[in-house]
Student: 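Quick one: structure below, then a few questions.
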Amino acid sequence: MSMEGSDDNRWQSYNTVYTSAKAGMEGVDKEKVQRIVYEMSKGSKYFQNEERKESFIKYKVQNMRLHFSNLTHSDLSHYQKIADKRILELEASRDLSRIWLHVDMDAFYAAVETLSNPMLKGMPMAVGSMSMISTANYEARKFGVRSAMPGFIARKLCPELIFVPVDFKKYTHYSDLTRKVFQRYDPNFIAGSLDEAYLDITEVCRERNVKSEEIAQEIRVGVLEETGLTCSAGVAPNRLLAKVCSDINKPNGQYVLPNDRLAVMTFISSLPIRKIGGIGKVTERILKEVFGISTCEQMLDKGSYLSALFSQSTADFFYSVGLGLGKTDSPQVRFRKSISNERTFSASEDEALLHKKLAELAEMLSTDMQKEGLHGRTLTLKLKTASFEVRNRAVTLQNYINSSDDILKHASKLLKAELPVSVRLIGLRVSQFSGQKCGATPDPTQKTITNFITSGEANRKNSSFSDVTDHDFVTDTETDLSLDGRHTGQLDSRDPFDGDHSLDVNYQSSTLRKTAGAEKVRTSDNADASSNHSGCTKVLGGSTSFQGKFEGKNVNNGSNLLEDDRPNSCQEMIMLWLDDYKCSLCGAELPPSFVEERLEHSDFHFAELLQKEESSIHQASVPIQRVRSTESIDKANPRSKSCLTRRASIRPLIIFLLESSQSLRCWCSINSTYGRYY
DNA sequence: GCGGATCAC
DNA sequence: TATGGTGATCCGC
């Protein structure tokens, strides 16, 4: 398995989102698209950042694989029981009493533009700019052009491509027209973005005694008559499935999934997980590469592994996907939780210029807030550096603010602390609004059976309400407050099928930390690497010897490890980064710049070794035990001044591993804790 | 409360 | 030449 391809096939590993399946792109030569995207991108700052992110995802996958393969039979039977129980409970919550319809306009922006300029009909066209495309029509999609793709690449794919600038006023107008139609069928319909909506058509079907299929047809005809635009519809027992269904016969088509359990299970069984809202590029990769999961059905097959490696809420989400469950309630109220604006410009480190940009943003934000009468007390500054790294810096104030002066005053402080820095984007966000009491009691009538059944500890959250109705949130931006999935606010977050279930693995500590401190660490690491011409970089000096494991003998006597201050065991660990890139022990790939991640990786092997030693010494099984906190363990073992000077908190981990079980989950939770301590 | 990451459109 | 903007959520600090 070669780690790096030659220049000829490097493009294969440049994973962009542009090649994932989308309606109208079935006949596209994906390979050609990917090659061109790679050629146009390679060497750029953006590309380098993508590579950095890619390496990190690779690392995460490798790390999870390690955890995966370390699960013992006893672990697995334990987690299998948990999984079985949860799946049964979720199955019991299945609600087949509602009929949901999801409407999705076909290539909305592009269709509207064609409506106002019929000359465009039949020609490949994209709405957007050379920097970014919002929507492409179906003629353009044949060339591989699609939304979120920069225009200059799209033009390479399709030299004839016509560009039309975005015009949100126009789209909002047409969106309003469609919503008048939706209103007739469900006055409480849920408006997603400008071009999407969910309708509960249960009552209409019942009152008029017609099939959902006919209602869907009627709505689509109504939209066409009202706007001249086509749309697609999906009908299913819940919103999650309805959304999937609206994509099936796109464009200008519809698909009905009956309210029947067997039909749902059959439908879901072969469905690729990427079709599910909330499972994006990264989650798809992890599930595929770590667990071999690519269809929804496999979520249930691998239940024990999912329980072992993910948080309960995330595992629940995965199970619900496997069961074809989704939300069926109609939330009546929503409220905004934050308001923001951000602008991209040519990268600069000119302090005066940056301050000017900041002042403009503060002015705009203040205007927006005053329009809605909002006052907030948390201000977040967002920076994207010239190398595309994103930083957020926040401050929470005593008072609620919304004047541009107040915003600018505090934003300036946040910015000053980051200087000097070359940035290409500045953003400002205000949250924690006044008049929105956190912890308000939710409306009990909103509590669905699912909520009731699953409102266990892990799902309990504060809910807050405002008296803003759905439609008050329609703005003239591209994305309204979406009600789809994660965007439903806290009301829905009590539902386990909701929320952002992306990658909240238990050891999420392995995150990129690009703080000033980390930069310094990296600098010194680079210095080390440059002084080492062998092509290998040794890591984790100042840790316990790791050599024994690979020579088939124990390094330490596990039983006296606790008592031993081990002043002499601080030998350099024999772990190499082959070609300064690949772990010599497990093959995990991690570039030199990932200083902290490398250290953490080394620690993992270290702990793994201890674990193995321990299990060979103490064969007896020990009950699984949760660690309360590193602090409590520290207190329990005040004397252990180990030589692990790099981070003091690895000690509790070792103690824990020696004292208790080989429970992977416990190890994960500690790993995520100590990983942050430096 | 803060910061990073992920996701959707 | 050149890779967006807005909003939300989760998790572990």
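Bear in mind the structure is a predicted one, so any value in this text is a computation, not a measurement. Letters go in sequence order (proteins before strands), and every chain restarts at 1. Heavy atoms only: backbone and side chains are in, while hydrogens, waters and symmetry mates are out.
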Student: Regarding A:Lys357 and A:Glu360, does a basic nitrogen lie under 4.0 Å from an acidic carboxylate oxygen?
Tutor: no
Student: Taking only the side-chain nitrogens and oxygens of A:Ser346, find out if one of them lies under 4.0 Å from OP1 or OP2 of C:dA2.
Tutor: no
Student: What is the distance, to the nearest angstrom, from the CG atom on A:Leu428 to the P atom on C:dG5?
Tutor: 13 Å
Student: With sequence neighbours excluded, tell me which residues meet side-chain hydrogen bond (donor to acceptor under 3.5 Å, both in side chains) with A:Ser348.
Tutor: none
Student: What is the distance, rounded to the nearest whole Å, between atom CZ of A:Phe335 and atom C1' of C:dA8?
Tutor: 11 Å
Student: Any chance the rings of A:Phe189 and A:Tyr198 have centres within less than 6.0 Å?
Tutor: no
Student: Mind checking if A:Arg285 touches a base, just sugar-phosphate, or nothing, with heavy atoms under 4.0 Å?
Tutor: nothing
Student: Does the side chain of A:Arg343 get closer than 4.0 angstrom to OP1 or OP2 of C:dT6 through an N or O atom?
Tutor: yes
Student: Can you sort out the partners of A:Phe345 under ring pair (Phe, Tyr, Trp, His ring centres under 6.0 Å), two or more places apart, ordered by chain and number?
Tutor: none
Student: Measure from the side-chain heavy atoms of A:Val282 and tell me the nearest of C:dT6, B:dT6, C:dG4.
Tutor: B:dT6
Student: When all nucleic acid strands are considered with a 4.0 Å heavy-atom cut-off, which category describes A:Tyr18: base, sugar-phosphate, or nothing?
Tutor: base
Student: Applying the salt bridge (charged side-chain N to carboxylate O under 4.0 Å, His left out) criterion to A:Glu418, which one of A:Arg391, A:Lys382, A:Lys413 satisfies it?
Tutor: A:Arg391
Student: When we call it a touch if two heavy atoms are under 4.0 Å apart, what does A:Ile153 touch: a base, just sugar-phosphate, or nothing?
Tutor: base
Student: Please state whether the phosphate of B:dG1, meaning OP1 or OP2, lies under 4.0 angstrom from any side-chain nitrogen or oxygen of A:Arg377.
Tutor: yes
Student: If the plane angle is over 60° it's perpendicular, under 30° parallel, otherwise tilted; pick one for A:Tyr46 and A:Phe388.
Tutor: perpendicular
Student: In whole Å, what is the span from the CD atom of A:Gln312 to the P atom of C:dG12?
Tutor: 13 Å
Student: Please tell me which of the listed nucleotides, C:dC11, C:dT6, C:dG4, lies nearest to the side chain of A:Ala148?
Tutor: C:dG4
Student: Under 4.0 Å: is that the gap between some side-chain N or O of A:Ser147 and OP1 or OP2 of B:dC9?
Tutor: no
Student: Quick check: on DNA chain C, is the nucleotide nearest A:Phe47 upstream (toward 5') of the one nearest A:Asp368, or the reverse? Name the residue that is more 5'.
Tutor: A:Phe47
Student: A:Lys243 side chain: which of B:dC2, C:dT6, B:dC9 is closest?
Tutor: B:dC9
Student: Distance check needed: B:dA5 C1' versus A:Lys382 NZ, whole Å only.
Tutor: 11 Å
Student: What's A:Arg429 touching, base or sugar-phosphate or nothing? Going by heavy atoms closer than 4.0 Å.
Tutor: base
Student: Are A:Lys60 and B:dT6 close enough that a side-chain N or O sits under 4.0 Å from OP1 or OP2?
Tutor: yes
Student: Does B:dC7 have OP1 or OP2 sitting under 4.0 Å from an N or O in the side chain of A:Arg274?
Tutor: no
Student: Rounded to whole Å, how long is the line connecting atom CD1 of A:Ile190 with atom C1' of B:dC9?
Tutor: 16 Å
Student: Looking at C:dT6, I'd like to know if its phosphate oxygens (OP1 or OP2) sit under 4.0 Å from a side-chain N or O belonging to A:Ser340.
Tutor: no
Student: Distance check needed: B:dC9 C1' versus A:Leu194 CG, whole Å only.
Tutor: 9 Å
Student: Closest to the A:Lys384 side chain: B:dC2, C:dG4, B:dC9?
Tutor: C:dG4
Student: Just how far, in rounded Å, is C1' of C:dA2 from CE of A:Met132?
Tutor: 10 Å
Student: From B:dG3, C:dT6, B:dT6, pick the nucleotide closest to the side chain of A:Arg393?
Tutor: B:dG3
Student: Taking any heavy-atom pair under 4.0 Å as a contact, classify A:Thr378: base, sugar-phosphate, or nothing.
Tutor: sugar-phosphate
Student: Go through B:dC9, C:dT6, C:dG5 for me and flag the one nearest to the A:Asp195 side chain.
Tutor: B:dC9
Student: State which of C:dA2, B:dT6, C:dG5 makes the closest approach to the side chain of A:Leu425.
Tutor: C:dG5
Student: Which listed nucleotide (B:dG3, C:dG5, B:dT6) is nearest to the side chain of A:Thr344?
Tutor: C:dG5
Student: Using the six-membered ring wherever Trp is involved, compare the ring planes of A:Tyr14 and A:Phe47 and label them parallel, tilted or perpendicular (cut-offs 30° and 60°).
Tutor: tilted
Student: Would you tell me if any nitrogen or oxygen in the side chain of A:Lys45 comes within less than 4.0 Å of OP1 or OP2 on C:dA2?
Tutor: no
Student: Round to the nearest Å and state the distance from A:Leu157 atom CG to C:dA2 atom C1'.
Tutor: 15 Å
Student: So, is A:Thr396 close to the B:dC2 phosphate, meaning a side-chain N or O under 4.0 Å from OP1 or OP2?
Tutor: yes
Student: Which nucleotide wins on minimum distance to the side chain of A:Thr314, given the candidates B:dG4, C:dC11, C:dT9?
Tutor: C:dC11
